[in-house]
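Input: a single structure, listed below in C-alpha cells.
These numbers were taken from a predicted model, which means no experiment stands behind them. Within every chain, numbering begins at 1; the chains are lettered A, B, ... in the order of the sequence lines, protein sequences first and strands thereafter.
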Amino acid sequence: MERYLIDLLHCSLPINQLKQIQALIIIKYLSLTPLFIRRLLNASFIQYARQVFDQIPHPDQGVHCSFITAYSRLSLNNEALRTFVSMHQNNVRIVCFTIPPIFKSCASLLAIDVGKQVHSLVIRYGFHSSVFCQNALINFYAKINDLGSAELIFDGILVKDTIAYNCLISAYSRSGEVLAARELFDKMRDRSIVSWNAMISCYAQNGDYHKGWIIFQRMQDEMCEPNEITLATVLSICAKLGDLEMGLRIKKLNDNKNLGSNMIVSTAMLEMYVKCGAVDDGRLVFDHMARRDVVTWSAMIAGYAQNGRSNEALELFENMKSAQIKPNDVTLVSVLSACAQLGSVETGERIGSYVESRGLISNVYVASALLGMYSKCGNIIKARQIFDKLPQRDNVTWNSMIMGLAINGFAEDAIALYNRMKEIEVKPNNITFVGLMTACTHAGHVELGLEFFRSMRSDHNISPNIEHFACIVDLFCRSGRLIDAYEFICRMEVEPNVVIWGTLLSASRIHLNVELAELAGKKLLELEPDNSGNYVILSNIYASAGRWQEALKVRKLMKDKRVQKAAAYSWVEVEDRVHKFLVGDTSHPRSDEVYSTIDGLALLSTWVGYELDFEIEA
DNA sequence: TTAGGGTTAG
C-alpha cells in the first residue's frame, strides 16, 4: 500500500484526490508526509502545503528545503527568508541546497545585511567551497551592485565551472562592464547556451546592439542552437534598431524551430513589430497569443500610443481592465501619454487620481507622463502642484515641467525652473533646450531664444539637432522675421525637413509673403508629394494673392497625382464619449448648440486679439 | 547563470 501511495503521489492529481490521500497518510503512513508536502509544492498548492507543514511537530531539513526553494521560485521572498530563519533557530541542520534560493531571495529584496550574514554562515558551515554556493554568491553580490565582492568570490574558486563564468559575465553586464564581460567570455573554453545568451544580452542591455547581433551569428556558426531566451533577446535587439528585416529573419527561425508560443518570445515579437512601425502586425501577434500578462498588454498599448494611435491605446486599456489584468506603472505611463496626445481631460484626470492614490507618483516615468498629460490638457496649475510635491525628479521630469510651462505660455516660469534645475545640479540635455526655446517662441523672446541656442553648445557641449533648428525657425517665424528664418535655414548644417519648411510655409501665409510661401511650398511638395495639405495651402496662398492660374495649376497637379485628401475630424470628449465632427457636419443631434458654441468661441477669440482665418476648402 | 513592456520634443 505504501509503495502504491508513493507512486500515486508522483502522478499529477487534482486537489480533492490529494486530500483523500492525505487522510490515508494521517491515519496510516505518517512518514510519507514530507513526500506529500513536496508533491503539493510541485503542484503549486503552496498554502495548503504550508497548512500541512505547520501540523508537523519536528519537520526535517528536507521539508524546510522544499519550502525555501518553492517560496523563492514563486518570488515569495520574505516567506523564504522567514522559513530559513526558523530552520536556523530550531537547530535544523542547514544543507547546501538551501543556500542558492536564499541568496536569490536576499538579492530580490535587496536584503544586503541578511545576505552577508548568510555568507558568514556559509563560511562557518564550510559550504564556501561548494560550486552551488559560490555561484549563488557571485549572483547575490552582482545583484546588489557589489561587483568587487563578486569578482573576489570568482577569483577564489579553484576549479571554475561554466556556470561560474556565466554568473560573472552577467554581473559585469549588470554593471555596464561590457569589455570585462567580453574578456571573460573569450577566455571560456566550454561555453554553454547560457554563456552565449548572457553575452548577447550584455551587449543588448548596454546599447551595443550590432555587437549583440554579431555574437548571435557567431553562436550559430559555432553550431550552438539558439533557444527561446536567445530569440527573445535578439528580437529585442531588432526592436531597438527598428530593423524589421532582421526581426522577420528571427521570426522565420522561430517558426522553423517550432519553439511553440512562449509568452515572452511572443511579447518580444510584438514589441519588434510595433517598434518597427508595423503596429497591425504586432496586434496580430497579440491576438493570437494563448496567454497574455501585464507586460504583453502594456507592450501593445505602448505600441499604439507611440505610433500616434492613442484612441486604440485607450480602447485596449479598457479591454485590459475587462480581462481582469491589473495595470501597473508601465501600463499607466503609456495610457497617460495617449490621454495627453488626445487631450482626453476626463480619462486623464481619472488615471491621474488613480496614480496618486496608488502612490505611483514616486516613479519618475509616471511623474513625467502625468505632468505632460496635465500640461497638454491645459491644466498647468495641477501639473505644477504635482511637480512641486514630487518625491523624486530626474532630468526628464524637469524637462516635462519646463515644456508644460512653455506650451502654456509661461515663459518666465519655464526659464526660472531651468535656473533652479542648474542650481541643484541637474544636467540639462538637448530636450531641455527644446523646452526653453519653445518658451521663448511662445512669449516672443527672440534674442533670449537665440541665446539659449548658442548656450547649449558653448556652455553645455550639446550639439543642436534638427529639433533645435526647427525651434529657431519657429522663433523667427512667429515674430514675423521671415527673412531671418529663411537665411537661418540656408545656413543650417543639416538638411531642412518637412517640419522646417512647414513652419516657414504657414508663417509666410500668415504674414502674406507669397514669394517665401511659394519656395517653402515647392520644397514641401518635393519632400511629401502625397500630403494633400501642402497642395491646399500652396493653392490658397496663390489664390489669396490673386494668382488664380497658379492656384488652379496646383489643384490640377494634386488631381493628376491622385493625392487623396484625408478627411479632417475634430473631436470633443464629453463624459467618456468621444463626439466626432467633419467640416460642415450637421449630423449631431445637438448640432445647433454645437455651432452656436463655436460662434461664441470665435467671437470671444477675436475680442482677445485672435484673427480668424477662413480657408478656401479643397 | 541567460529572456519581454514605459516618460519629456514644433
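A centroid separation of 6.0 Å or more is found between the aromatic rings of A:W398 and A:Y418. Proximity of the aromatic rings of A:Y141 and A:H119 is defined here by a centroid distance below 6.0 angstrom, and this criterion is met.
Comparing atom distances between the A:I229 side chain and each of B:dA3, B:dG4, B:dT7 picks out B:dA3 as nearest. For A:V194, the listed nucleotide lying nearest its side chain is B:dT2; candidates were B:dA3, B:dG5, B:dT2. The side chain of A:E467 lies closest to B:dA9, out of B:dA3, B:dG5, B:dA9. Closest contact between the side chain of A:M263 and the listed nucleotides B:dG5, B:dG4, B:dT7 involves B:dG4. In the set B:dT1, B:dT8, B:dG6, the nucleotide with an atom closest to the side chain of A:V330 is B:dG6. Considering only the side chain of A:T296, B:dG4 comes nearest among B:dG4, B:dG5, B:dA9. Proximity note for A:S298 (side chain, C-beta onward) versus B:dG5, B:dT8, B:dT7: the nearest is B:dG5. Of all nucleotides listed (B:dT7, B:dG6, B:dG5), B:dT7 comes nearest to the side chain of A:V396. Closest approach to the A:A302 side chain among B:dT2, B:dA3, B:dG6 is made by B:dG6 (side chain taken as heavy atoms from C-beta onward). Checking B:dT8, B:dA3, B:dT2 against every side-chain atom of A:S400, the shortest atom distance belongs to B:dT8.
A straight line from CG of A:N227 to C1' of B:dT2 spans 8 Å, rounded to a whole angstrom. As rounded to whole Å, 12 Å separates atom P of B:dG6 from atom CG of A:N307. For A:M269 and B:dA3, the CE to P distance is 18 Å, given to the nearest whole Å. Rounded to an integer number of Å, the gap from CG of A:L316 to P of B:dG5 is 17 Å. Separating the CG atom of A:D293 from the C1' atom of B:dA3 is a distance of 13 Å, rounded to the nearest angstrom. To the nearest angstrom, P of B:dA9 lies 13 Å from CG of A:L405. The distance from atom CG of A:L360 to atom C1' of B:dT7 is 14 Å, rounded to the nearest whole Å. Look at CZ on A:F286: it is 12 Å from C1' on B:dG5, rounded to the nearest Å.
A:R174 comes within contact range of the sugar-phosphate backbone alone, with a heavy-atom separation under 4.0 Å but no base atom that close. Looking at heavy-atom distances under 4.0 Å, A:N430 makes no contact with the nucleic acid at all. Residue-level contact check: A:N139 touches the backbone only, with heavy atoms under 4.0 Å from sugar-phosphate atoms and none from bases. Nucleic acid contact for A:D394: none, since no nucleic acid atom lies under 4.0 Å from a heavy atom of the residue. A:V364 comes within contact range of at least one nucleobase, with a heavy-atom separation under 4.0 Å. Residue A:K143 is classed as having no contact, given no heavy-atom separation below 4.0 Å to the nucleic acid. Nucleic acid contact for A:D329: base, since at least one base atom lies under 4.0 Å from a heavy atom of the residue.
A:N262 contributes no side-chain N or O that forms a donor-acceptor pair with the base of B:dG4 under 3.5 Å.
Applying the side chain to side chain donor-acceptor pair (under 3.5 Å) criterion to A:T503, with sequence neighbours excluded, gives no partner residue. In terms of the side chain to side chain donor-acceptor pair (under 3.5 Å) criterion, A:R420 has no residue partners (sequence neighbours excluded).
Residue A:R291 has no polar side-chain atom (N or O) positioned under 4.0 Å from OP1 or OP2 of B:dG4. A sub-4.0 Å separation between OP1 or OP2 of B:dG4 and a side-chain N or O of A:K240 is absent. Phosphate contact (OP1/OP2 of B:dA3, side-chain N/O of A:S201, threshold under 4.0 Å): present. Proximity of A:K275 to the phosphate of B:dG4: no side-chain N or O atom is located under 4.0 Å from OP1 or OP2. Residue A:Q205 places at least one side-chain N or O closer than 4.0 Å to OP1 or OP2 of B:dA3. Contact annotation: A:T432 side-chain N/O to B:dA9 OP1/OP2 distance is not under 4.0 Å.
Between the side chains of A:Y203 and A:R182, at least one donor-acceptor pair of N or O atoms lies under 3.5 Å. Between the side chains of A:Y354 and A:R350, no donor-acceptor pair is found at a separation under 3.5 Å. Residues A:T296 and A:T267 bring a donor and an acceptor atom of their side chains to less than 3.5 Å of each other.
The salt bridge (Lys or Arg N to Asp or Glu O under 4.0 Å) contacts involving residues 386-410 of chain A comprise A:E356-A:K389, A:R384-A:D388, where partners must be two or more places apart or lie in separate chains. Screening residues 159-168 of chain A for side chain to side chain donor-acceptor pair (under 3.5 Å), with sequence neighbours left out, gives A:N166-A:S192, A:N166-A:S195.
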Using atom types as modelled, flag every donor-acceptor pair under 3.5 Å from a side chain in residues 475-482 of chain A to any protein atom, sequence neighbours excluded.
residue : atom : partner : partner atom : Å
A:R478  : NE   : A:D474  : OD1          : 3.2
A:R478  : NE   : A:D474  : OD2          : 3.1
A:R478  : NH2  : A:D474  : OD2          : 3.4
A:S479  : OG   : A:L475  : O            : 3.3
A:S479  : OG   : A:F476  : O            : 3.0
A:R481  : NE   : A:D484  : OD2          : 2.7
A:R481  : NH2  : A:D484  : OD2          : 3.2

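DNA chain B lies under 4.0 Å from at least one heavy atom of each of the following residues of residues 151-166 of chain A: A:I163, A:N166.
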